[in-house]
Amino acid sequence: LFFGLTAAGCASGPLARKLHLDDVGPEAALSYYQGLARMTPAELGRERTVLVAVPQTPFTQMRVAMLLGHPRVQQDLGKGLALLEGILKSTDPAAAPFQPLAREVADNYQERIKLENQLEKQGLQLNQQLKDSQRKTAELQEKLDSLANIEKSLIPRPRAVKPEGVKR
């Protein structure tokens, strides 16, 4: 019943038409994920609000986890992963059909988190290299400026005058 309210109350357009009120299996979760791509940012925000307000069944947890990892929303892969781990560890018979899908999505989220961490680490390394390069550039410029100042302070030598009659 609550799913029907969710599908009718917050899902609009193609998503509402594809979901069936009595279909709460993994296939429905996959259809739900495909429907997220057609939702506007406002609809995605409303969907998140509604999903956290309804009873948390494995199907609802799966949808929340999918929403939290969707590229077009404010992602929270850690929270999505925690929901998926809850499904995977659950002994509730209603969770069993979702466990293979939850494993796949959890593996995907773990890989994404790993890649994000690697990118962050590389970004920090590049930032450090940039700072080091800028520091070295400043040091070299100071040395050049010092050499230029030394050169300016030297007494100019008189130009050598060629003796007349000598050819080069």
Side-chain angles (χ1 to χ4, degrees), residues 1-140:
L1 173 64
F2 68 86
F3 174 69
L5 294 174
T6 303
C10 79
S12 63
L15 182 58
R17 286 191 292 276
K18 285 192 180 232
L19 294 177
H20 301 285
L21 300 180
D22 58 348
D23 188 7
V24 293
E27 296 81 16
L30 289 171
S31 293
Y32 174 79
Y33 184 77
Q34 290 172 336
L36 291 175
R38 293 183 289 276
M39 295 175 81
T40 66
E43 290 171 328
L44 290 167
R46 284 193 302 271
E47 184 71 7
R48 187 173 185 168
T49 302
V50 169
L51 285 176
V52 295
V54 298
Q56 296 299 299
T57 65
F59 181 56
T60 303
Q61 290 174 324
M62 191 76 218
R63 291 184 300 157
V64 172
M66 289 176 159
L67 183 63
L68 290 172
H70 198 274
R72 293 181 44 227
V73 299
Q74 178 66 35
Q75 293 181 9
D76 190 344
L77 294 177
K79 188 173 181 179
L81 191 56
L83 287 169
L84 294 167
E85 292 294 333
I87 294 169
L88 291 169
K89 292 177 182 175
S90 177
T91 57
D92 180 357
F98 293 99
Q99 289 174 337
L101 178 60
R103 171 54 38 218
E104 291 297 320
V105 176
D107 289 348
N108 177 279
Y109 286 10
Q110 288 171 338
E111 186 65 23
R112 287 169 59 187
I113 289 169
K114 179 180 158 188
L115 290 172
E116 285 177 2
N117 290 338
Q118 286 176 345
L119 284 173
E120 184 177 331
K121 184 178 177 182
Q122 288 174 345
L124 291 173
Q125 289 172 342
L126 287 173
N127 191 29
Q128 185 59 45
Q129 288 174 352
L130 176 63
K131 286 180 182 179
D132 290 346
S133 176
Q134 289 172 336
R135 181 184 49 77
K136 288 178 182 179
T137 301
E139 288 173 1
L140 287 172

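All of these numbers come straight from a predicted model, not from anything done at the bench. Any value given below was found using the heavy atoms of this structure, including those in side chains, with hydrogens, waters and symmetry copies removed. Counting begins at 1 with the first residue of the sequence.
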Colleague: Do E47 and Y32 have side-chain atoms, one donor and one acceptor, less than 3.5 Å apart?
Modeller: yes
Colleague: Has E120 got more than 12 heavy atoms of other residues, nucleotides or ligands less than 6.0 Å from its CD?
Modeller: no
Colleague: side-chain contact (heavy atoms from CB on, under 4.5 Å), that's the test. Do L77 and L68 meet it? Break it down for me.
Modeller: CA-CA 6 Å; L77 294 177; L68 290 172; over 6 Å; no
Colleague: Taking G86's backbone N and O only, do any of them form a donor-acceptor pair with S90's side chain (distance below 3.5 Å, no angle check)?
Modeller: no
Colleague: Given K114, which of R112, Q110, E116, Q118 fulfils the side chain to side chain contact (heavy atoms under 4.5 Å, CB included) condition?
Modeller: Q118
Colleague: Looking at every heavy atom in both A102 and I87, which two are closest together, and how far apart are they?
Modeller: CB-CG2, 3.9 Å
Colleague: Quick test of your reading of the model: are K136 and D132 salt-bridged, counting only N-O distances below 4.0 Å?
Modeller: no
Colleague: Please evaluate residues H70 and M66 with respect to the criterion side-chain contact (heavy atoms from CB on, under 4.5 Å), reporting the C-alpha separation (whole Å), side-chain torsions for both, the decisive distance (0.1 Å), and the verdict.
Modeller: CA-CA 6 Å; H70 198 274; M66 289 176 159; over 6 Å; no
Colleague: Using side chain to side chain contact (heavy atoms under 4.5 Å, CB included) as the criterion, point out the one residue from M62, R103, Q61 that pairs with F98.
Modeller: M62
Colleague: Which pair of non-hydrogen atoms, one from A29 and one from L101, has the smallest distance, and what is that distance?
Modeller: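 Nearest heavy atoms, A29 then L101: CB-CD2, 3.9 Å.
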Colleague: Run the side-chain contact (heavy atoms from CB on, under 4.5 Å) test on E111 and N108 for me, step by step, so that the C-alpha distance in whole Å, both residues' side-chain angles and the decisive distance to 0.1 Å come before the verdict.
Modeller: CA-CA 5 Å; E111 186 65 23; N108 177 279; 5.9 Å; no
Colleague: Write down the atom of A94, the atom of P97, and the distance for their closest heavy-atom approach.
Modeller: O-CD, 3.4 Å
Colleague: At their closest point, which heavy atom of L81 faces which heavy atom of Y109, and how far apart are they?
Modeller: N-CD2, 4.0 Å
Colleague: For E27, is there any backbone N or O sitting under 3.5 Å from a side-chain donor or acceptor partner on S31?
Modeller: yes
Colleague: Should we say atom CD of Q74 is surrounded by more than 12 heavy atoms from elsewhere, each under 6.0 Å from it?
Modeller: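 It does not: Q74 CD has 12 such atoms or fewer within range.
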Colleague: Counting distance only, does the side-chain N/O of Q75 pair as donor-acceptor with the main-chain N or O of V73 below 3.5 Å?
Modeller: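 It does not hold such a pair.
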Colleague: Assess whether side-chain contact (heavy atoms from CB on, under 4.5 Å) is satisfied between L36 and R72, documenting all intermediate values.
Modeller: CA-CA 9 Å; L36 291 175; R72 293 181 44 227; over 6 Å; no
Colleague: Which atom pair, heavy atoms only, marks the closest approach of I113 to G78?
Modeller: CD1-N, 4.3 Å
Colleague: Where do A106 and L88 come nearest, in terms of heavy atoms and distance?
Modeller: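 Shortest heavy-atom separation between A106 and L88 comes out as CB-CD1, 4.3 Å.
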